[in-house]
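First listed ligand is number 1; within each ligand, the first listed atom is number 1.
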Amino acid sequence: MSGRALRHHHVPRFALECGAVLDGVRVAYHLDGALNAERDNLVVVFPALTGSADAAGDWWRAVIGPGRALDTRRHAVLCASLLGLPYGSTGPAEPERRPFPAVTPRDMARLVAALVDSLGVRSVALATGGSLGGMVALEWAASFPDRTRRGVVFAAPAAHTAAAIGWNHIQREAIRLAGPEAGLALARMIAMQTYRTPAEFEARFGREPREAGGYQIESYLAHQGRKLVDRFDAHSYLTLTGAMDKHDVGRQRGGVAAALAPVGARLVGVGIPGDRLYAAEEVRAWTRAAGAQYVEIDSVYGHDAFLLEPEQVGGILGAALETAEPTPLHTGATR
Ligand code: COA
């Protein structure tokens, strides 16, 4: 984490899909680069399950900045902490907010829209993110097709699959059974097995033993578990994995194709062959249904390639921004 100061936007009341209403909602964010006079150069980046709001200083620092793919000399780049994350926005990491109601990626996208409204921005040049951030980007596009000039969705399905719900269930059970610290560490270890590939682990650790006994892969996973416990919150993990499970962009919209039809031609879906969490084929399937473009990242890493292959990620984002400006969208009220 870079420790750069966050900005905050306040929303007095925010109604969630589940029917609950949150009072006094805080949205923490970073805005890198400057909005132009037309306010048409905003790029919105959504973090993943444990990603901070500091995409430019932390997890996409090789992708965002002066002269980088998301060039802050041309674009203003907004990254807000998702509703429920323990990185400055309202969420269950604050004891007085518990029990925290169920939230969805649709709620998360809508809350960021309130922040975008407050910046006086009518439509965004690009909405993007990976994994959970990709789900929120897809929800953004389906919720606000006339406010989305382009979207790039990395490693995210149109709806959370049975297998992905199953992985999240096992991780939540670990937290319930082992408690917030040991359980969160266990959840991270389980998740890491889905974020990377057997080939990467084999090449990196093989059967290498540890001096203290056991194998290097065991100490690597334990280290990743401890690292997450130091920077994350178990309540947020339960809320956010619950949100991922609720993800279904076609819900109450007549299915995936109908939900994405108004915006599909302006979307790019990015699959990662070898992704054990969200198979490339699932991404390809929704791009076909939506009439969106499909591209792939070639990587040994699997799911985490959207974080670990900045050159390819930057190339895809840069290409999307280079495409001719889509037909002007009608202007009018911001919502
Ligand atoms: N034993 C113990 N620790 C080991 C080790 C071993 N055999 N081999 C490496 N490590 C440690 C390194 O010392 C390093 O520690 P540090 O981070 O404290 O400096 C760490 O493991 C490096 O981990 P690695 O996975 O190699 O880092 P990376 O740069 O390849 O990946 C991330 C960085 C951010 C992508 C990754 O660590 C991560 O967090 N992945 C999950 C992201 C995520 O949430 N994805 C999906 C969201 S839905």
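By the 3.5 Å distance cut-off applied to N or O atoms, R231 is not counted among the residues near ligand 1. Residue H303 has no N or O atom closer than 3.5 Å to an N or O atom of ligand 1. Among the atoms of S131, none of the N or O lies under 3.5 angstrom from an N or O of ligand 1.
Taking each of Y301, Y278, Y220 in turn, the one with a heavy atom nearest to atom 25 (O) of ligand 1 proves to be Y220. Of the candidates H223, M244, R188, R204, R204 brings a heavy atom nearest to atom 24 (P) of ligand 1. When the heavy atoms of Q224, E208, E200 are ranked by distance to atom 22 (C) of ligand 1, first place goes to Q224.
Judged purely by atom type and a 3.5 angstrom limit, N41 uses its side chain to pair as donor or acceptor with the backbone of A34. Using modelled atom types, no side-chain atom of S143 and backbone atom of W140 make a donor-acceptor pair closer than 3.5 Å.
At a 4.0 Å heavy-atom cut-off, ligand 1 touches D304 through the side chain alone. Looking at L308 against ligand 1, only its side chain comes within 4.0 Å, counting heavy atoms. Residue Y195 touches ligand 1 through its side chain alone, judged by heavy-atom distances below 4.0 Å. Contacts between F205 and ligand 1, counted as non-hydrogen atom pairs separated by less than 4.0 Å, involve the side chain only. Residue R226 does not touch ligand 1, judged by heavy-atom distances below 4.0 Å.
Close approach of ligand 1 to T50 is summarised as follows: ligand atoms under 4.0 Å from at least one heavy atom of the residue are 44 (O). The K227 neighbourhood of ligand 1 comprises atoms 16 (P), 17 (O), 18 (O), with distances under 4.0 Å to a heavy atom of that residue. Counting the atoms of ligand 1 from 1 in the order shown, those under 4.0 Å from a heavy atom of A48 are 47 (C).
Heavy atoms from other residues, nucleotides or ligands lying under 6.0 Å from CD of E311 number 12 at most.
Distance remark: protein heavy atom present below 4.0 angstrom from atom 11 (C) of ligand 1. For atom 8 (N) of ligand 1, a protein heavy-atom neighbour is present inside the 4.0 Å cut-off.
Ring centroids of Y220 and F205 are separated by less than 6.0 Å, placing the two rings close together. Taking the six-membered ring wherever Trp is involved, the centroid distance between the rings of H303 and Y278 falls below 6.0 Å.
Residue, atom and distance of the protein heavy atom nearest to atom 34 (C) of ligand 1 are L307 CD1, 4.8 Å. Remark: minimum distance from atom 1 (N) of ligand 1 to any protein heavy atom is reached at S219 OG, 2.6 Å. The protein heavy-atom contact nearest to atom 32 (C) of ligand 1 is R196 NH2, 3.9 Å.
Taking CZ of R39 as the start and OG of S123 as the end, the distance is 13.0 Å to the nearest 0.5 Å.
When each of M244, E281, E282 is paired with P157, the side-chain contact (heavy atoms from CB on, under 4.5 Å) condition holds for E282 and for no other.
Salt bridge status for R122 with E38: absent, with no side-chain N to carboxylate O gap under 4.0 Å. A salt bridge between R196 and D275 is absent, with no side-chain N of the basic residue lying under 4.0 Å from a carboxylate O of the acidic one.
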* Is there a side chain to side chain donor-acceptor pair (under 3.5 Å) between T72 and D32 once you walk through the steps? -> CA-CA 6 Å; T72 47; D32 290 279; over 6 Å; no
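In terms of the side chain to side chain contact (heavy atoms under 4.5 Å, CB included) criterion, residue partners of A199 (sequence neighbours excluded) are, by chain and number, T197, V300.
The hydrophobic cluster containing L267 also includes L138, V153, V249, V256, L260, V263, V283, W286, Y294, under a criterion of side-chain heavy atoms closer than 4.5 Å among ILVMFWY residues, counted directly or through chains of members.
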